[in-house]
2 protein chains.
Amino acid sequence: MDDVRWLSAEEQEIWRAYLTASVAFSAHIDRQMRQDSGMPMAYYEILVRLSEAPHRRLRMSELADASLSSRSRLSHAVTALERNGWVERRPADGDRRGWVCSLTESGHAALAAAAPGHVTTVREHMFDVLTPEQLRSLREIGLAISAGLRTECEAARAEDDGQADPCDP
Amino acid sequence: MDDVRWLSAEEQEIWRAYLTASVAFSAHIDRQMRQDSGMPMAYYEILVRLSEAPHRRLRMSELADASLSSRSRLSHAVTALERNGWVERRPADGDRRGWVCSLTESGHAALAAAAPGHVTTVREHMFDVLTPEQLRSLREIGLAISAGLRTECEAARAEDDGQADPCDP
DNA sequence: CCGATGGTGTTGAGAGTTCAACCACCGGTA
DNA sequence: TACCGGTGGTTGAACTCTCAACACCATCGG
């Protein structure tokens, strides 16, 4: 890592355009969610993933993967969501290490109340400002970046020479 | 906000592709920065902005805008950076309310040490996985989304009927 | 000069995240 | 059976961020 391939002026411009938009957009969405529904975006994501799962329940580890969250983060988050009565945790049958997390009726109601504002925000600041072609492109870009992140994890895992895996969360 | 324009299946796919990539990518970058340089990405951003400013110094409010951070967040961050000796805060002359924050030599060294790893990560997971055309498109997409967020702020400000401005940070 | 208004920046408390242990359990192996 | 590495999940402390309140100063109008 000694001969760094620095970014050209043009590349810097691209990177900055992406970074600025990404940071500002996610901050905007998070703020909207907190103000209108009293929960951070990460919690909304958890509720969404639960609501989409069969029987509205998932193993903790599966929920962590689905909601792009570390196990530790999810554990804390579920504790908070449980306090609100939006979610329940019960032992998994068949594996006494595991727990399944399920969406309560009250949690489903909270999700239903939060969704309209969220979707409206996303539509206004994304689908209303981009052309259909840009949207198609954005989909491909997202898939490519995600794939790139995933393959690095697999490569690190494949080495399995005791190196720490930098892709846990 | 009663007749919500929900997302079509195709739109959901686009949104999810973007969200997944954006969250995973920023988490990856933040983790790399923390592990290799002991600071969160937000702090690196502050150092970068200072290093690019004339005389490597900026008013707190300008630095907050440049680093996409709220004033409160910047204030806490600068306190932490000051503790590391990477940054200094001194009263602004001409306006006794204000403070200017400047990058120290030690801060510049920390930035120089952190940059290679960061740039390498960005290149590997963005420039190496996207085509030139996708990169051009991503730049336009970023600019469009940022512009959309900005115009909403201006609209809110233009109303100036006592409504709170939801675009402060 | 005085008060009203607005901008600049800080502070403290509470919420959320990260990191590094840690415990409990599974599955395979000797 | 006993051991042992690997998995599932939690915990507590330190850290970062958000939000609301505040203090201070500038500026403008009377």
Side-chain angles (χ1 to χ4, degrees), chain A residues 23 26-46 58-65 67-84 89-101 157 160 162 164-169, chain B residues 23 26-36 38-46 58-65 67-84 87 89-101 157 160 162 164-169:
Chain A
V23 169
S26 73
H28 187 75
I29 288 175
D30 198 60
R31 159 185 306 261
Q32 183 275 329
M33 185 58 70
R34 287 177 127 101
Q35 283 193 342
D36 296 358
S37 307
M39 65 180 136
M41 184 55 196
Y43 288 14
Y44 179 80
E45 182 72 10
I46 291 170
L58 279 175
R59 280 287 290 263
M60 289 296 283
S61 51
E62 295 175 314
L63 183 53
D65 292 346
S67 61
L68 303 172
S69 156
S70 72
R71 279 137 203 271
S72 170
R73 170 145 78 137
L74 180 67
S75 196
H76 287 295
V78 165
T79 301
L81 290 171
E82 222 170 7
R83 232 178 358 246
N84 291 21
R89 205 166 2 188
R90 51 180 56 247
D93 38 42
D95 185 342
R96 273 188 302 174
R97 295 169 301 181
W99 296 77
V100 303
C101 181
R157 242 184 286 280
D160 68 0
D165 184 343
C167 310
D168 179 14
Chain B
V23 169
S26 73
H28 187 76
I29 289 174
D30 197 60
R31 159 185 307 262
Q32 183 275 328
M33 184 58 69
R34 287 178 127 102
Q35 283 193 340
D36 295 359
M39 64 181 136
M41 183 56 196
Y43 289 13
Y44 179 80
E45 182 73 10
I46 291 171
L58 277 175
R59 279 286 292 261
M60 291 294 284
S61 52
E62 294 175 314
L63 183 52
D65 292 346
S67 61
L68 302 172
S69 155
S70 73
R71 281 138 200 269
S72 170
R73 168 146 78 136
L74 180 67
S75 196
H76 286 296
V78 165
T79 301
L81 291 172
E82 222 170 6
R83 228 174 7 240
N84 291 21
V87 129
R89 205 167 1 189
R90 49 181 55 246
D93 39 42
D95 187 341
R96 275 187 300 175
R97 295 169 301 180
W99 295 77
V100 303
C101 181
R157 244 185 285 282
D160 70 358
D165 185 341
C167 309
D168 179 15

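A, B, ... follow the sequence lines: proteins, then strands. Residue 1 opens every chain.
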Nearest whole angstrom, please: distance from the [atom2] of [N] to the [atom1] of [X].
{"X": "Arg83(A)", "N": "dG14(C)", "atom1": "CZ", "atom2": "C1'", "result": "11 Å"}
{"X": "Arg90(B)", "N": "dG9(C)", "atom1": "CZ", "atom2": "P", "result": "15 Å"}
{"X": "Met60(A)", "N": "dA24(C)", "atom1": "CE", "atom2": "P", "result": "18 Å"}
{"X": "Arg71(B)", "N": "dA23(D)", "atom1": "CZ", "atom2": "P", "result": "19 Å"}
{"X": "Glu82(B)", "N": "dG9(C)", "atom1": "CD", "atom2": "C1'", "result": "13 Å"}
{"X": "Leu74(B)", "N": "dG9(C)", "atom1": "CG", "atom2": "C1'", "result": "9 Å"}
{"X": "Met41(B)", "N": "dT18(C)", "atom1": "CE", "atom2": "P", "result": "15 Å"}
{"X": "Arg73(B)", "N": "dG14(C)", "atom1": "CZ", "atom2": "P", "result": "22 Å"}

If we ignore hydrogens and angles and just use 3.5 Å, is the side chain of [X] paired with the main-chain N or O of [Y] as donor and acceptor?
{"X": "Ser26(A)", "Y": "Val23(A)", "result": "yes"}
{"X": "Glu82(A)", "Y": "Arg89(A)", "result": "yes"}
{"X": "Ser75(B)", "Y": "Arg71(B)", "result": "no"}
{"X": "Ser69(A)", "Y": "Asp65(A)", "result": "no"}
{"X": "Asp30(B)", "Y": "Pro40(B)", "result": "no"}

Output a table of nitrogen or oxygen pairs between the protein and nucleotides 12-15 of chain D separated by less than 3.5 Å.
residue, atom, partner, partner atom, Å
dG12(D), O6, His76(A), NE2, 2.8

Next on the checklist: As an exercise, state the distance from OG of Ser70(B) to CZ of Arg31(A), rounded to the nearest 0.5 Å.
Outcome noted: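 Reported to 0.5 Å precision, the distance equals 8.0 Å.
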Checklist entry - How do Asp30(A) and Trp99(A) order along DNA chain D: which one's closest nucleotide is nearer the 5' end? => result Trp99(A)
What's [X] touching, base or sugar-phosphate or nothing? Going by heavy atoms closer than 4.0 Å.
{"X": "Ser61(A)", "result": "sugar-phosphate"}
{"X": "Arg89(B)", "result": "sugar-phosphate"}
{"X": "Ala42(A)", "result": "sugar-phosphate"}

Item to check | Candidate nucleotides dG9(C), dT18(D), dG9(D), ranked by approach to the side chain of Ser70(B) - the nearest | outcome: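 When the side chain of Ser70(B) is considered, dT18(D) is the closest of dG9(C), dT18(D), dG9(D).
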Checklist entry - Looking at residues at least two apart in the chain, or sitting in another chain, which of them share a side chain to side chain donor-acceptor pair (under 3.5 Å) with Asn84(A)? => result none
Check nucleotides 26-29 of chain C against the protein and report each pair of N or O atoms closer than 3.5 Å, with its distance, or say if there are none.
residue, atom, partner, partner atom, Å
dC26(C), OP1, Arg96(A), N, 3.3

Item to check | Most 5' of Met39(A) and Glu62(B) on DNA chain C, judged by nearest nucleotide | outcome: Glu62(B)
Next on the checklist: Please find the pair of heavy atoms, one from Ala80(A) and one from Tyr43(A), that lie closest to each other, and give the distance.
Outcome noted: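 Smallest heavy-atom distance, with atoms named: CB-OH, 3.8 Å.
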Item to check | side-chain contact (heavy atoms from CB on, under 4.5 Å) between Val100(A) and Met60(A), intermediate numbers included | outcome: CA-CA 6 Å; Val100(A) 303; Met60(A) 289 296 283; over 6 Å; no
